[in-house]
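Below is one structure, written out as structure tokens; comments come after it.
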Amino acid sequence: SKEGIDWTVIEWVDNAECLDLVERKLGILDLLNEESRFPKGTDQSLLEKLHGSQKDNPFYVKPKVNNMKFGIRHYAGEVFYDVHGLLEKNRDTFRDDMLKVLKDSKYDFVYDLFGHMTLEEEGGGSSGARTFRMERRAAGKKKATV
């Protein structure tokens with residue numbers, strides 16, 4: 001008011017606690033990433049971990065029916081998420097043709113990010129999943145800029 005600007009207070013809902021459910025340590029994303037690293041991790045085991053670890057969180061909703069879903073109580077209401085295929089979607093996969101393009105970049109910044117990575121087949125499965133292996137380059141080795 002000292003500056004002579006007319007304004008109105010806007011009421012808003014602080015969504016920080018709901019965001020913490022998703023982003024904090026041992027939140028939904030943390031548990032998803034953890035379960036994705038286990039070779040025998042399944043969508044069902046992820047759901048069980050979520051239900052167990054978030055049961056006391058007022059923003060987490062465990063459906064009354066076991067239907068492979070969990071819910072988040074957002075400011076706008078409850079939203080349910082289906083976990084079918086969630087682990088597979090979250091596992092890091094990378095196509096080798098894309099890695100080759102990035103490794104062959106003429107830009108030092110891009111080359112420095114990807115030049116030392118190799119792709120390896122994971123466990124001979126039919127999914128075609130690949131994983132990065134990061135190797136240290138010898139000190140002083142630098143790709144020439146073209």
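Values reported hereafter were calculated over all heavy atoms of this structure, with side chains retained and with hydrogens, waters and symmetry mates removed.
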Assess the residue pair S53 and L26 against the criterion (side-chain contact (heavy atoms from CB on, under 4.5 Å)); give the C-alpha distance rounded to whole Å, side-chain angles, the decisive distance to 0.1 Å, and a yes or no. CA-CA 8 Å; S53 67; L26 295 178; over 6 Å; no
Hey, mind stepping through D82 and N67 against side-chain contact (heavy atoms from CB on, under 4.5 Å) and telling me if it holds? CA-CA 8 Å; D82 191 326; N67 58 0; over 6 Å; no
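Closest approach of H74 to Y81, counting heavy atoms only: NE2-OH, 3.1 Å. Taking every heavy atom of both residues into account, L102 and V110 meet most closely at O-CG1, 3.7 Å.
Judged purely by atom type and a 3.5 angstrom limit, D43 has no side-chain atom pairing as donor or acceptor with the backbone of M68.
Expressed to the nearest 0.5 Å, how far SG of C18 lies from CZ of F59 amounts to 6.0 Å. Atoms CG and NE2, from L46 and H51 in turn, are 9.5 Å apart once rounded to the nearest 0.5 Å. To the nearest 0.5 Å, the span separating CG on L21 from CG on L29 amounts to 9.5 Å. Atoms CG and OG1, on L47 and T42 in that order, are 9.0 Å from each other to the nearest 0.5 Å.
Residue pairs meeting the side-chain hydrogen bond (donor to acceptor under 3.5 Å, both in side chains) criterion with at least one member in residues 27-38, sequence neighbours excluded: N33-N90, E34-K49, E35-S45, E35-K49, S36-N90. Residue pairs meeting the side-chain hydrogen bond (donor to acceptor under 3.5 Å, both in side chains) criterion with at least one member in residues 10-24, sequence neighbours excluded, are R24-Q54.
F70 and Y60 have parallel rings, their planes meeting at less than 30° on a 0 to 90° scale where 60° marks the start of perpendicular.
Hydrophobic clustering (side-chain heavy atoms under 4.5 Å, transitive across Ile, Leu, Val, Met, Phe, Trp, Tyr) groups L99 together with L113. Linking Ile, Leu, Val, Met, Phe, Trp and Tyr residues whenever their side-chain heavy atoms come within less than 4.5 Å leaves V101 and Y107 in two separate clusters. L32 and V79 fall within the same hydrophobic cluster, defined by Ile, Leu, Val, Met, Phe, Trp and Tyr side-chain heavy atoms under 4.5 Å apart, directly or through other members.
Judged as a side chain to side chain contact (heavy atoms under 4.5 Å, CB included), and not counting sequence neighbours, the contacts of V61 are R73, E78, F80.
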